[in-house]
Amino acid sequence: MTGPGDCPAGVCVTCSDEAVPMTVLRLVEPDLAMAGTGGVAQEVSVALVDAAVGDTVLVHAKEAIAVIARGAGDEQA
């Protein structure tokens with residue numbers, strides 16, 4: 001999977017829920033991050049992707065499933 005264009009109509013083909021682009025704000029643990037969109041931040045799993053602070057990830061069910069844009073930032077633990 002390379003990005004949101006991989007799913008028809010921007011929805012998950014397995015459950016019909018949408019995946020949401022979120023920006024990685026801070027890495028909490030090796031497999032967890034705080035990510036945000038629209039002023040709302042939440043903890044998400046980044047176990048399936050190689051994400052860094054500033055990256056935009058596609059999140060479905062609190063799981064980052066793809067990195068869709070690389071950002072620049074300093075990693076914070």
Side-chain angles (χ1 to χ4, degrees):
M1 175 171 267
T2 59
D6 293 333
C7 293
V11 297
C12 177
V13 294
T14 58
C15 66
S16 299
D17 285 342
E18 287 191 42
V20 178
M22 300 181 84
T23 302
V24 176
L25 305 172
R26 179 171 57 98
L27 296 175
V28 180
E29 295 179 15
D31 292 339
L32 293 174
M34 291 301 294
T37 185
V40 177
Q42 61 180 298
E43 190 173 77
V44 299
S45 170
V46 290
L48 300 177
V49 298
D50 181 24
V53 173
D55 289 352
T56 301
V57 293
L58 196 58
V59 178
H60 173 71
K62 293 193 176 190
E63 183 76 48
I65 57 174
V67 176
I68 57 175
R70 294 288 179 184
D74 296 324
E75 181 175 325
Q76 300 174 14

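Heavy-atom basis, side chains included; hydrogens, waters and symmetry copies ignored. Fair warning: this is a prediction, and the values are worked out from it, not measured in the lab.
Scanning all heavy atoms of the two residues, the minimum distance from Ala52 to Val24 falls at O-CB, 3.5 Å. Scanning both residues, Leu48 and Ala64, for their nearest heavy atoms gives CB-O, 3.8 Å. Here the shortest heavy-atom pairing between Val46 and Ala33 reads CG1-CB, 3.9 Å. Taking each heavy atom of Ser45 and Leu32 in turn, the nearest pair found is CA-CD2, 4.0 Å. Nearest heavy atom pair, residue Ile68 against residue Pro21, reads CD1-CB, 3.8 Å. Scanning all heavy atoms of the two residues, the minimum distance from Leu58 to Ala19 falls at CG-CB, 3.5 Å.
A side-chain contact (heavy atoms from CB on, under 4.5 Å) with Val20 is found for exactly one of Val57, Val44, Thr37, namely Thr37.
Take Ala69 and apply the side-chain contact (heavy atoms from CB on, under 4.5 Å) test, not counting sequence neighbours, and it matches Thr56. In this structure, Ala61 has no side-chain contact (heavy atoms from CB on, under 4.5 Å) partners at least two apart in sequence or on a different chain.
Between the CE atom of Met34 and the CE atom of Met22 there is a distance of 8.5 Å, given to the nearest 0.5 Å.
Among pairs with a residue in residues 34-62, those fulfilling salt bridge (charged side-chain N to carboxylate O under 4.0 Å, His left out) read Asp55-Arg70, at least two apart in sequence or across chains.
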